[in-house]
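In what follows, a single structure is set out as structure tokens and then discussed.
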Amino acid sequence: MERYNFKTVEDKWQEKWQKARVFRSKVDHSKEKFYCLEMFPYPSGKIHMGHVRNYTIGDVLSRYKTLQGFNVMHPMGWDAFGMPAENAARENNLDPKEWTNKNIATMKEQLKKLGLSIDWDREISTCSEEYYKHQQLFFLELYEKGLVYRKENYVNWDPIDQTVLANEQVIDGKGWRSGAIVERKKLNQWFFNISKFSQELLDGLNELKQWPNKVKVMQKNWIGKSFGCEIAFKTEGSLPVKEIKCFTTRPDTLFGFSFLAVSVDHEISKHYLEDKKFQEFKKECSKTGTTEEAIAIGEKIGFKTDLVAINPLNPSQKVPVFFANFVLMDYGFGAVFGCPAHDQRDFDFAKKYDLDIKTVVKPNDANDNFEVKDEAYTGPGSLINSEFLNNLKVPDESILKTIDILEERKIGQKKINFRLKDWGVSRQRYWGCPIPMAYDKDGNVTTIPKKDLPVKLPENVDLNTKGNPLDAKTDWKNIIIDGKKFTRETDTLDTFVCSSWYYLRFCSSNNSEYGYKQEEIDYWMPVDQYIGGVEHAILHLLYSRFFMKALGYKNENFKFKEPFDGLFTQGMVCHETYKDKNNNWLSPDEIELIGNQFYKKGDHNHKVQVGPSESMSKSKKNVIDPAKIIKNYGADAVRLFILSDSPPEKDVQWSEQGMVASYKFLQKLWILHNKIKEKIKIENDQNLENENLKKFTNQMINKITNNLEAFNYNVIIANIYEIYNFINKIIDKEINGKILKQSYKKILILISPVVPHYSTECLSDLKILENVEWPKTDKSLLVEDKIDYVIQINGKKRAILNENRDIDQDSLMNKIKLNKLSEKYLKDKSIKKIIFVKNRLINLLINE
RNA sequence: GCCCUCGUGGUGAAAUUGGUAGACACAAAGGACUUAAAAUCCUUGCCAUUUAUGGAGUGCCAGUUCGAGUCUGGCCGAGGGCACCA
């Protein structure tokens with residue numbers, strides 16, 4: 001027997017699969033389809049362990065579904081536009097396209113080495129004209145439907161590099177490259193009207209039964225629906241301002257009104273342009289962090305205006321108007337009414353500026369003298385100190401009733417607000433999809449005629465210019481449409497646009513006429529299982545959901561509302577971190593273990609500090625290169641290990657020891673295979689283990705099938721080990737060769753989604769590679785004749801009796817009486833009560 | 001601050017509807033084989049006296065139940081999300 005040579009075996013089968021194009025998928029209405037999609041990678045250079053985990057999970061599922069008889073589509077592509085290409089190209093004086101395509105070639109080879117069942121005929125790359133020309137047409141279609149518009153918006157502006165920065169490029173308020181202090185600058189930008197679909201996007205979440213709840217909650221919070229009322233407050237003072245509109249979810253607390261606060265960007269701020277103190281205050285506000293957390297904990301500050309606002313329900317009450325740092329311009333009207341007693345933020349503010357705190361809600365168990373003291377009361381109860389609103393139940397009745405009254409008196413109006421903002425898609429970058437728009441000399445917008453699509457991204461662009469390289473490319477920028485001069489839009493699209501519809505493109509990746517073919521998306525869509533990282537829980541997944549709705553808007557051919565029927569978010573791959581004595585990160589390759597202590601490789605005086613296990617990242621150098629690992633241990637062993645240690649939705653700890661164990665296990669399995677191969681030849685009627693083997697195999701079919709369906713992939717690996725342990729124990733006993741062969745074939749199929757090369761090799765070795773399909777559980781075989789009955793006395797387990805199935809209570813009691821435990825526990829005791837659970841246990845309650 | 005999730009051996013983790021807690025693996029210790037080592041195989045796993053046996057035991061405290069890792073309430077701890085959201 002030769003040892004298992006993964007290299008020969010894996011190369012052989014990968015080549016055969018590729019030649020026979022076994023993973024090619026076609027529309028076939030005679031079969032039920034299954035569309036399995038993993039989030040496509042950014043072509044950064046080489047694959048990382050996160051990809052290995054993500055694509056292994058998807059591959060196990062695809063192979064399982066194929067064996068079950070589904071018509072499976074399992075495509076792969078490249079999210080190929082984006083800043084890293086532009087940065088790498090600039091640093092190394094390369095063409096971003098070349099850089100990207102080279103990376104794609106490398107990564108494709110690496111993915112192939114994993115033995116993934118991918119239909120490479122459907123491969124797409126978002127940076128190809130063939131892809132982005134359809135995207136430009138979609139853009140124009142959405143523009144025609146009124147779902148695309150242009151408006152001014154703030155950006156992070158780097159004054160030295162003359163460029164717009166993404167949030168992650170701003171470090172401590174400075175540009176990451178230039179170090180210049182980042183400015184807020186207003187630019188005209190393109191927007192997708194995603195907020196038009198706020199309610200639909202929210203409602204759609206209820207239909208997504210196979211999505212993790214966590215993701216749905218995150219999206220729900222992001223969409224942020226709130227029900228309330230808009231109120232116009234009359235104002236008086238030295239400024240020419242007659243009223244200020246506010247949005248509130250708590251109109252019922254209007255009698256607790258004690259100030260009105262507006263954003264520093266509010267319209268009335270134009271009266272303070274010359275006011276130095278106000279401008280200082282505004283600057284101060286911009287210093288406080290903009291995260292929700294920063295402001296919840298941070299200090300609330302205000303700037304008093306010359307205005308007072310009048311309480312519409314109590315016109316004799318006039319309260320001061322402030323600018324305040326906790327009021328946002330882009331939500332509601334950029335103005336709030338303050339009720340300190342029942343809003344913690346307002347409470348903090350009132351304390352600081354010594355404003356009235358009037359209690360108008362009391363908890364249900366408090367009396368009418370209840371008063372808010374140390375913190376705002378935001379819970380339920382009933383209204384007090386509120387004249388004609390008194391005694392209304394808070395919150396539901398009080399809010400609805402107050403809105404009715406406000407509407408009746410024409411002071412306010414019922415209103416639903418969403419926090420979801422429109423999606424700004426303009427990026428002042430070169431390496432992206434050009435926006436098919438142009439401007440005349442007066443700046444009026446026009447669309448590029450559809451016949452002139454695609455607007456090709458120009459080549460040979462100087463990336464070292466300041467600002468957007470496309471802006472400087474005048475021969476590309478200046479165009480003539482119908483004899484008139486125009487300049488092109490030089491912004492490119494956010495790369496999230498590319499990934500918002502790629503799942504549709506896979507259905508028709510070779511259709512050059514349009515982004516998809518109707519009959520093909522009708523067959524394949526929606527994606528049955530989408531798999532990827534939870535970091536895309538909000539933006540990518542919400543944008544994709546929006547894109548489906550936008551394409552379907554005023555388009556009766558569009559039949560499905562949600563792109564991803566099932567979603568699975570896998571955890572990250574982690575590794576210990578290492579630092580040398582100078583506090584520099586070290587990679588696992590740079591260290592060695594002697595005894596219990598890590599040392600720098602080759603320097604046994606240099607101890608290495610071991611840090612916590614964290615998600616693999618280049619900056620911390622705690623990365624393991626999958627290509628190397630695959631080369632050393634083989635794809636099957638890597639697949640086995642990456643699934644084995646933790647549930648796929650949780651983070652997994654990379655362990656070299658675990659990796660080696662998986663590798664060794666396949667070697668052991670191969671030794672067992674050869675024993676089985678010999679045993680199969682023996683015709684034997686004295687078959688002691690036949691029934692056990694049949695039953696065991698059937699149990700495993702049941703377990704593995706259920707675990708696959710539930711994504712318990714780590715348990716499947718445990719099941720595979722159980723299989724080994726079981727067969728290894730019985731293999732030297734007497735077994736009928738025919739029965740062994742039948743069971744073993746089923747077992748090889750069960751493990752094939754995880755270790756496809758190994759399993760195929762074994763099937764081929766035994767010449768049973770024909771008619772391979774997923775085995776079905778025989779329910780009748782799951783029924784055991786003998787059962788371990790748990791005997792409890794006063795709820796404590798005292799013994800286990802192996803007795804016949806379906807035995808009744810009296811018979812079981814008789815067995816117990818014959819048993820020695822009766823002598824020990826039941827002698828001279830009376831049994832008060834017997835709890836008998838059929839085929840499971842019996843619990844005897846006795847007097848102690 | 002708000003929202004969500006999760007707490008099980010030295011470690012990663014298993015455990016249909018409440019019904020044998022710790023499957024499976026990693027690590028460790030002891031043993032077998034070996035001149036020796038590696039590899040391989042076996043045993044052990046918390047507390048008590050020795051194989052056997054008994055006890056405690058799923059973050060902590062209560063509750064429901066014949067019976068709770070699982071259900072309910074409170075507390076403690078960890079992780080994740082958050083766009084100042086009125």
Side-chain angles (χ1 to χ4, degrees), chain A residues 167 212-222 224-226 228-229 246-251 253 261 263 285 288-298 300 324-339 343-346 348 375 378 417-421 534-535 537-538 613 641 644-647 649-653 655-662 664-665 668 671 702-703 706-707 710 712 714-725 728 788-800 824 832-837 839-845:
Chain A
N167 283 332
N213 210 38
K214 177 173 66 169
V215 174
K216 289 196 272 190
V217 169
M218 275 153 102
Q219 291 211 354
K220 192 180 164 206
N221 292 340
W222 196 261
K225 182 180 182 176
S226 54
C229 171
C246 295
F247 172 74
T248 178
T249 53
R250 293 300 303 274
T253 61
S263 159
C285 289
T288 39
T290 54
T291 66
E292 203 172 316
E293 186 193 358
I295 221 69
I297 302 167
K300 306 341 176 240
N325 65 340
F326 59 88
V327 184
L328 257 190
M329 195 53 225
D330 48 14
Y331 185 81
F333 300 100
V336 301
F337 90 76
C339 175
D343 181 295
Q344 190 57 42
R345 214 175 20 213
D346 296 348
D348 296 343
E375 57 176 353
T378 54
N417 245 343
F418 292 93
R419 67 198 289 215
L420 182 64
K421 292 176 197 163
V534 73
E535 67 272 20
I538 298 172
S613 182
F641 172 68
S644 68
D645 267 12
S646 299
E649 70 275 12
K650 283 176 61 173
D651 288 354
V652 66
Q653 163 87 29
S655 131
E656 189 76 22
Q657 275 158 333
M659 184 60 246
V660 171
S662 296
K664 283 183 183 167
F665 177 69
K668 276 161 62 176
I671 294 168
N702 189 43
K703 278 190 187 176
N706 291 340
N707 285 329
N712 296 331
N714 56 324
V715 188
I716 290 173
I717 309 306
N719 295 148
I720 294 176
Y721 276 93
E722 279 181 74
I723 289 172
Y724 171 84
N725 291 342
N728 199 41
D788 284 336
Y789 287 86
V790 178
I791 314 303
Q792 295 183 340
I793 290 167
N794 286 342
K796 276 199 171 134
K797 183 182 97 182
R798 291 300 178 192
I800 286 170
K824 192 165 173 188
K832 284 191 296 183
K833 195 178 173 185
I834 299 174
I835 290 109
F836 176 72
V837 183
N839 293 328
R840 199 153 257 169
L841 60 73
I842 188 162
N843 188 4
L844 309 179
L845 303 185

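Excluded from the calculations below are hydrogen atoms, water molecules and symmetry mates; all remaining heavy atoms, backbone and side chain alike, are included.
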Restricting to side chain to side chain donor-acceptor pair (under 3.5 Å), what partner residues turn up for A:Asp645, sequence neighbours left out? none
Hey, which sits more toward the 5' end of RNA chain B by its nearest nucleotide, A:Asn725 or A:Asn712? A:Asn712
Main-chain N/O of A:Asp346 paired with A:Asp343 side-chain donor or acceptor, under 3.5 Å: yes
Tell me every residue that passes ring-ring contact (aromatic ring centres under 6.0 Å, His included) with A:Phe641, counting only those two or more places apart in sequence or in another chain. A:Trp654
Restricting both atoms to N or O, compile the protein contacts to nucleotides 55-59 of chain B shorter than 3.5 Å, with distance only.
from   : atom 1 : to       : atom 2 : distance (Å)
B:rG55 : OP1    : A:Arg798 : NH1    : 3.1
B:rG55 : OP1    : A:Arg798 : NH2    : 3.0
B:rG55 : OP2    : A:Arg798 : NH1    : 3.0

Can you list everything that forms a side chain to side chain contact (heavy atoms under 4.5 Å, CB included) with A:Gln344? Sequence neighbours excluded, please. A:Phe347, A:Asp348, A:Glu375, A:Ala376
Of all the choices, B:rG12, B:rU20, B:rA86, which nucleotide is nearest to the side chain of A:Arg345 once you look at every atom? B:rA86
A:Glu722: side chain to side chain donor-acceptor pair (under 3.5 Å) partners, not counting sequence neighbours: A:Asn719
Please list, chain by chain and in numerical order, all residues satisfying ring-ring contact (aromatic ring centres under 6.0 Å, His included) with A:Tyr721, sequence neighbours excluded. A:Phe665
Can you tell me if A:Lys703 touches the phosphate of B:rU16, counting only side-chain N or O atoms and a distance under 4.0 Å to OP1 or OP2? no
Closest to the A:Lys664 side chain, choosing from B:rA13, B:rU40, B:rC41: B:rU40
Could you work out, with side chain to side chain donor-acceptor pair (under 3.5 Å) as the rule, every residue matching A:Lys214, not counting sequence neighbours? none
Dot-bracket for RNA chain B, 5' to 3', Watson-Crick and G-U pairs with both distances under 3.5 Å, [ ] for crossing pairs, | for partner on another strand, reads (((((((..(((......[....))).(((((.......))))).(((....)))...(((((..]....))))))))))))....
Any N/O pairs under 3.5 Å between the protein and nucleotides 61-66 of chain B? List them or say none.
from   : atom 1 : to       : atom 2 : distance (Å)
B:rC66 : O2'    : A:Asn843 : ND2    : 3.2
B:rC66 : O2     : A:Asn843 : ND2    : 2.7

How should the glycosidic conformation of B:rG9 be described, syn or anti, under the criterion that syn lies within 90° of 0? syn
Looking at the side chain of A:Arg840, which of B:rU17, B:rA86, B:rC24 is the nearest nucleotide? B:rU17
Qualifying residues under side chain to side chain contact (heavy atoms under 4.5 Å, CB included), relative to A:Ala661, sequence neighbours excluded: none
If you only use heavy atoms from C-beta on, which nucleotide in B:rG81, B:rC24, B:rA14 is closest to the side chain of A:Met218? B:rG81
For A:Asn221, the side chain to side chain donor-acceptor pair (under 3.5 Å) test, sequence neighbours excluded, returns none
Letter per nucleotide, 5' to 3', of nucleotides 26-31 of chain B [B base touched, S only sugar-phosphate touched, - untouched; heavy atoms, 4.0 Å]: SS----
Pick the closest RNA chain B nucleotide for A:Asn707 and for A:Phe337 by heavy atoms, then say which residue is nearer the 5' end. A:Asn707
